[in-house]
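Have a look at the structure below before the remarks.
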Amino acid sequence: MAPEKLTRQAVIERAVKIADTDGLQAVTIRRLAAELGVVPTALYWHVKNKDGLLSALADRLLAALAADVDADLPWDRRLRAMVTALVEQTRTHPYLSALLPMIDKSASEEYRRATDTAIGLLTEAGFTLQQADQVATYLFLGAVAMVSCQPGGVGSDEEEAAELRRQHRLDLERLPPGRYPHLAAFAATLSGPPDIDAYYAFGVDLLMSAVEATAPNG
C-alpha cells in the first residue's frame with residue numbers, strides 16, 4: 001500500500017484483522033506498518049502512539065453498540081439491541097474484554113457514546129442516574145462473562161470443543177451420583193454439541209428480564 005493512499009480507516013481495519021487472527025498482543029506499530037507496507041513513522045499521522053492505536057481499535061469495535069435504533073421503540077427494546085450488539089461483538093472479537101481495561105475510556109468517543117446512550121435509556125426506565133450507571137456496568141460485565149463462559153470455549157474448533165465436552169462429561173460421571181444427583185443428570189446433556197445461539201438468546205433474556213423487573217417505569 002503506497003503511503004499516499006494510507007488512511008486512518010485502513011490502519012484501524014488492519015489492526016482489527018491482526019487482532020482477530022493473532023490476538024491483541026500482536027497489534028503493534030511495527031507489525032502494522034510492515035503489513036501496510038510503510039515505515040512505522042507513517043502511522044503517526046493517523047494514530048499518535050500504541051495507546052492511541054488501541055483506543056481507535058476499541059472505538060471501531062464499540063461503534064456497533066450505539067448504532068442507530070428507531071427512537072420510537074420502547075427503552076427496553078433499544079437497550080436489548082445494545083446488549084445484543086455487545087455480545088455479538090465480543091463473540092466475534094473475544095479480545096474486546098481485555099482491550100477495554102487497557103484504554104483511556106475518557107478518550108474513547110464510542111465508549112462515551114455507548115455509555116451515555118445506555119444511561120439515557122435506563123433513566124427513561126425510571127432508574128436514578130447512579131442506578132443507571134450501575135445497571136449499565138452490570139449489563140456490560142454480564143455480556144462479557146456470557147462470552148467467556150461459552151460452552152466449549154470461544155474460538156475452539158469443532159474437534160477441540162467436542163474433546164473438552166467429553167472430558168467435562170467424564171469428570172462429572174466420575175462423581176458419586178448419590179451425592180451429586182443433579183450434576184450426574186447434567187452430564188448426560190454433554191453427549192452432543194450445545195445450541196450456542198440458544199445459549200446466547202437465553203443469556204440476553206436473563207440479563208434483560210432482571211432490568212425490566214426492577215425498572216421503576218417497567
Side-chain angles (χ1 to χ4, degrees), residues 1-71 78-118 136-137 139-150 152-158 160-161 196-197 200 203-204:
M1 177 177 294
E4 62 270 22
K5 295 182 179 179
L6 190 64
T7 65
R8 179 179 171 84
Q9 181 178 356
V11 171
I12 303 310
E13 291 302 324
R14 184 57 63 98
V16 171
K17 182 178 180 180
I18 292 172
D20 286 346
T21 303
D22 297 323
L24 189 59
Q25 73 282 351
V27 181
T28 65
I29 295 292
R30 185 174 298 278
R31 167 77 180 271
L32 199 53
E35 293 213 359
L36 291 170
V38 299
V39 296
T41 54
L43 299 183
Y44 295 130
W45 290 99
H46 307 287
V47 290
K48 292 182 179 180
N49 48 36
K50 175 68 175 293
D51 289 341
L53 173 60
L54 293 180
S55 290
L57 177 58
D59 271 351
R60 160 66 173 75
L61 300 182
L62 293 174
L65 273 63
D68 292 335
V69 179
D70 187 349
R78 294 159 65 193
L79 185 62
R80 177 182 288 269
M82 291 188 69
V83 174
T84 300
L86 175 58
V87 169
E88 290 176 350
Q89 284 295 78
T90 310
R91 288 180 67 181
T92 305
H93 313 282
Y95 55 86
L96 178 59
S97 59
L99 173 62
L100 292 181
M102 299 170 62
I103 67 169
D104 178 4
K105 296 181 181 62
S106 66
S108 172
E109 172 63 24
E110 294 299 337
Y111 181 88
R112 291 196 304 265
R113 190 160 75 102
T115 303
D116 186 78
T117 300
T137 299
L139 288 173
F140 169 76
L141 294 175
V144 169
M146 197 187 310
V147 177
S148 66
C149 296
Q150 174 180 308
V154 180
S156 301
D157 60 33
E158 185 175 340
E160 182 182 5
I196 297 299
D197 288 336
Y200 281 109
V204 172

May I ask you to test the [X]-[Y] pair for a side-chain heavy-atom distance under 4.5 Å?
X    : Y    : result
I103 : L57  : no
L62  : L65  : yes
L79  : L139 : yes
T41  : Y44  : yes
L43  : L53  : no
I29  : V47  : yes
V83  : F140 : no

- Task: Just jot down the salt bridge (Lys or Arg N to Asp or Glu O under 4.0 Å) partners of E13, sequence neighbours excluded, or say none.
- Result: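 Result, salt bridge (Lys or Arg N to Asp or Glu O under 4.0 Å) vs E13: R60.
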Just jot down the side-chain contact (heavy atoms from CB on, under 4.5 Å) partners of [X], sequence neighbours excluded, or say none.
X    : answer
D104 : S106, A107
R112 : E109
A81  : V69

Could you report the tightest heavy-atom contact between [X] and [Y], atom names first, then the distance?
X    : Y    : answer
A118 : A136 : CB-CB, 4.3 Å
A56  : I12  : CB-CD1, 3.3 Å
V144 : S97  : CG1-CB, 3.3 Å

Could you work out, with side-chain hydrogen bond (donor to acceptor under 3.5 Å, both in side chains) as the rule, every residue matching [X], not counting sequence neighbours?
X    : answer
E110 : R113
R91  : none
Y111 : none
T115 : none

- Query: Should Q150 and Y200 be marked as a side-chain hydrogen bond (donor to acceptor under 3.5 Å, both in side chains) after you check the CA-CA gap, both sets of side-chain angles, and the distance that decides it?
  - Reply: CA-CA 8 Å; Q150 174 180 308; Y200 281 109; 2.5 Å; yes
- Query: If only atom types and distance count, is the side chain of S108 paired as donor or acceptor with the main-chain N or O of K105 below 3.5 Å?
  - Reply: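 Checked: no pair found.
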- Query: Do any pairs count as a side chain to side chain donor-acceptor pair (under 3.5 Å) and have a residue in residues 15-34, sequence neighbours left out, and if so which ones?
  - Reply: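 Non-adjacent pairs meeting side chain to side chain donor-acceptor pair (under 3.5 Å): D20-H93, D20-Y95, D22-R31, R31-E35.
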- Message: Measuring from atom CG of L96 to atom CG of L86, what distance do you get when rounded to the nearest 0.5 angstrom?
- Response: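 So the gap between those two atoms works out to 6.5 Å.
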- Item | Spatial distance of atom NZ (K50) from atom OG (S55) [nearest 0.5 Å] |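 If we round to the nearest 0.5 Å, K50:NZ and S55:OG are 11.5 Å apart.
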- Item | Verdict with supporting geometry, I18 and L24, side chain to side chain contact (heavy atoms under 4.5 Å, CB included) | CA-CA 8 Å; I18 292 172; L24 189 59; over 6 Å; no
- Output every pair passing salt bridge (Lys or Arg N to Asp or Glu O under 4.0 Å) with a member in residues 36-47, not counting sequence neighbours, ordered by first then second residue.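 Applying salt bridge (Lys or Arg N to Asp or Glu O under 4.0 Å) to every pair that reaches into residues 36-47, excluding sequence neighbours, yields nothing.
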